[in-house]
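In what follows, chains carry the letters A, B, and so on, assigned in the order in which the sequence lines appear, proteins first and then strands, with residues in each chain numbered from 1. Worth knowing before you read on, the calculation uses all heavy atoms, side chains too, and leaves out hydrogens, waters and symmetry mates.
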Number of protein chains: 2
Amino acid sequence: MGIDTRQRILTATNELFRHHGYNGTSLSQVSKAAPATIGSIYHFFPGGKEALAVAVIDSTATVYRQLFESIVAETNDPASAFSLFFDQAGQMLVETDFIDPCPIGTIAREVASTSDPIRRAAEAAFDSWVEAATDYLVRNGIRQGEARDLATLFVITTEGGFVLCRTKRSIEPLHAVARTTSPLISSALASRSPTPSKA
Amino acid sequence: MGIDTRQRILTATNELFRHHGYNGTSLSQVSKAAPATIGSIYHFFPGGKEALAVAVIDSTATVYRQLFESIVAETNDPASAFSLFFDQAGQMLVETDFIDPCPIGTIAREVASTSDPIRRAAEAAFDSWVEAATDYLVRNGIRQGEARDLATLFVITTEGGFVLCRTKRSIEPLHAVARTTSPLISSALASRSPTPSKA
DNA sequence: GTCTATAATTTGATAGAC
DNA sequence: GTCTATCAAATTATAGAC
């Protein structure tokens, strides 16, 4: 059972960050929640708390990118794919009593001015999400520039939606996002050049 | 000069929160930056750090609401009014080397699970912004329900835009917001019922 | 209203036995 | 790999002189 100690530490830290942010989480809390001794934490993460944050951000980036890909893979219409993503995020919020679904935005805003390694990890995460959504929209016939703008809006409304939902303890803000932005995808699809794809 | 000590404390705290968030800011930092002694801080804010945060959130809510009202008062077209707001926010980001323009979103996400007074203050701030933007859109002929959705999207994209801009040290995300959401306002205006207003 | 001193606790991090 | 013990520094908050 020694092998998954690293993963236990990572999982516990992720949850604590989503509860209390970066500066609000102490290593003693992590040690207790994992559970793992302080010595073990420093064994797996010699860079201490900062390295732990980078690892949490990297793994969260991957998990959310995979969630996005799995949702679009199961959905025919791109406009409803994004709505489905917002629905699923809202469901997560309710099930967890409005714990933050994503640790990255909070951590980035807390320490963007003081920890460049963490800021860069968060930047890479957001970039990878924008890229994944852009590629998906381009695959559906939307031209590169418009696709990138819409993908950026998608990530921004996700993060901004989490801010309002967590604050208001309501998923209504995410519903407003879905209602207002869904027509943007539809209209971009409608105005694409009528080159037939192999689908 | 005793009279504005309270204001100096408030201003210094606001700036420190935007730099390092709530848990990343200590009262000793506030004391040094204000400047004011710890005793003075507790004299004006007997509730300590938590009361200080509520006061910062309340004052920030008012300042931003006034900024919004002043921008829309100087602009003819609602679609360009929102773009102007995003432009101005972007300008602020560049001028301050990407210090967070708004302390509320960060603080709310940090302590929404642990401090209900702070969470409620942040909720009131967001609500007041949504209400101001909704009223403005309704005054311009957009029906209540659609206006509220667009106003909510406006606040969400502002907060989410700050997250990405601060993380990427770039104002390009806010530009993407302006480009993608501006047509939504225009189309809502175009489809309003043709009742003539007194403008 | 402002100041200094300090209480009581917790923090991130390290050392070294096992 | 895991554990305990411990460091030096910083934290919020309070007390009481001026």
*OP1 or OP2 of D:dT2 less than 4.0 angstrom from a side-chain nitrogen or oxygen of A:T5, does that happen here?*
yes
*Under 6.0 Å between the ring centres of A:F98 and A:F162?*
no
*Scan A:S26 against the nucleic acid and name what it touches under 4.0 Å (heavy atoms): base, sugar-phosphate only, or nothing.*
sugar-phosphate
*Starting at atom CD1 of A:I9, determine the distance to atom P of D:dG1, rounded to an integer number of angstrom.*
11 Å
_Which atom of A:I41 lies closest to which atom of A:L27, heavy atoms considered_ = CD1-O, 3.9 Å
*Contacts of type salt bridge (charged side-chain N to carboxylate O under 4.0 Å, His left out), residue A:R18, not counting sequence neighbours*: none
*Using a heavy-atom cut-off of under 4.0 Å over every strand shown, decide if A:S31 touches base, sugar-phosphate, or nothing.*
nothing
*Derivation and outcome, side-chain contact (heavy atoms from CB on, under 4.5 Å), residues B:R166 and A:S113*: CA-CA 9 Å; B:R166 182 156 158 72; A:S113 301; 2.8 Å; yes
*Which whole-number value in Å describes the distance from B:H20 NE2 to C:dT11 P?*
20 Å
*asked:* Both B:N23 and A:H43 contact DNA chain D. Taking the nearest nucleotide for each, which residue is further toward the 5' end?
replied: A:H43
*OP1 or OP2 of C:dT11 less than 4.0 angstrom from a side-chain nitrogen or oxygen of A:S28, does that happen here?*
yes
*Quickly work out the A:F45 CZ to C:dG12 P distance and round it to whole Å.*
15 Å
_Among residues at least two apart in sequence or on other chains, which ones pass salt bridge (charged side-chain N to carboxylate O under 4.0 Å, His left out) with B:R120?_
B:D116
*How close or far is atom P of D:dG1 from atom CZ of A:R8, stated in whole angstroms?*
12 Å
Mind listing the N/O atom pairs, protein and nucleotides 13-17 of chain D, below 3.5 Å?
from	atom 1	to	atom 2	distance (Å)
D:dA13	OP2	B:Y42	OH	2.8
D:dA13	OP2	B:K49	N	3.4
D:dA13	O5'	B:Y42	OH	3.1

*Between B:K168 and A:F126, is NZ or CZ placed under 6.0 angstrom from the six-membered ring centre and within 45° of the ring axis?*
no
*asked:* Just checking A:F68 against A:W129, ring centres under 6.0 Å apart?
replied: no
*Return the value, rounded to whole Å, for the distance between atom NZ of A:K32 and atom C1' of D:dT2.*
20 Å
*Answer yes or no: does a side-chain N or O of B:S40 lie under 4.0 Å from OP1 or OP2 of C:dT2?*
yes
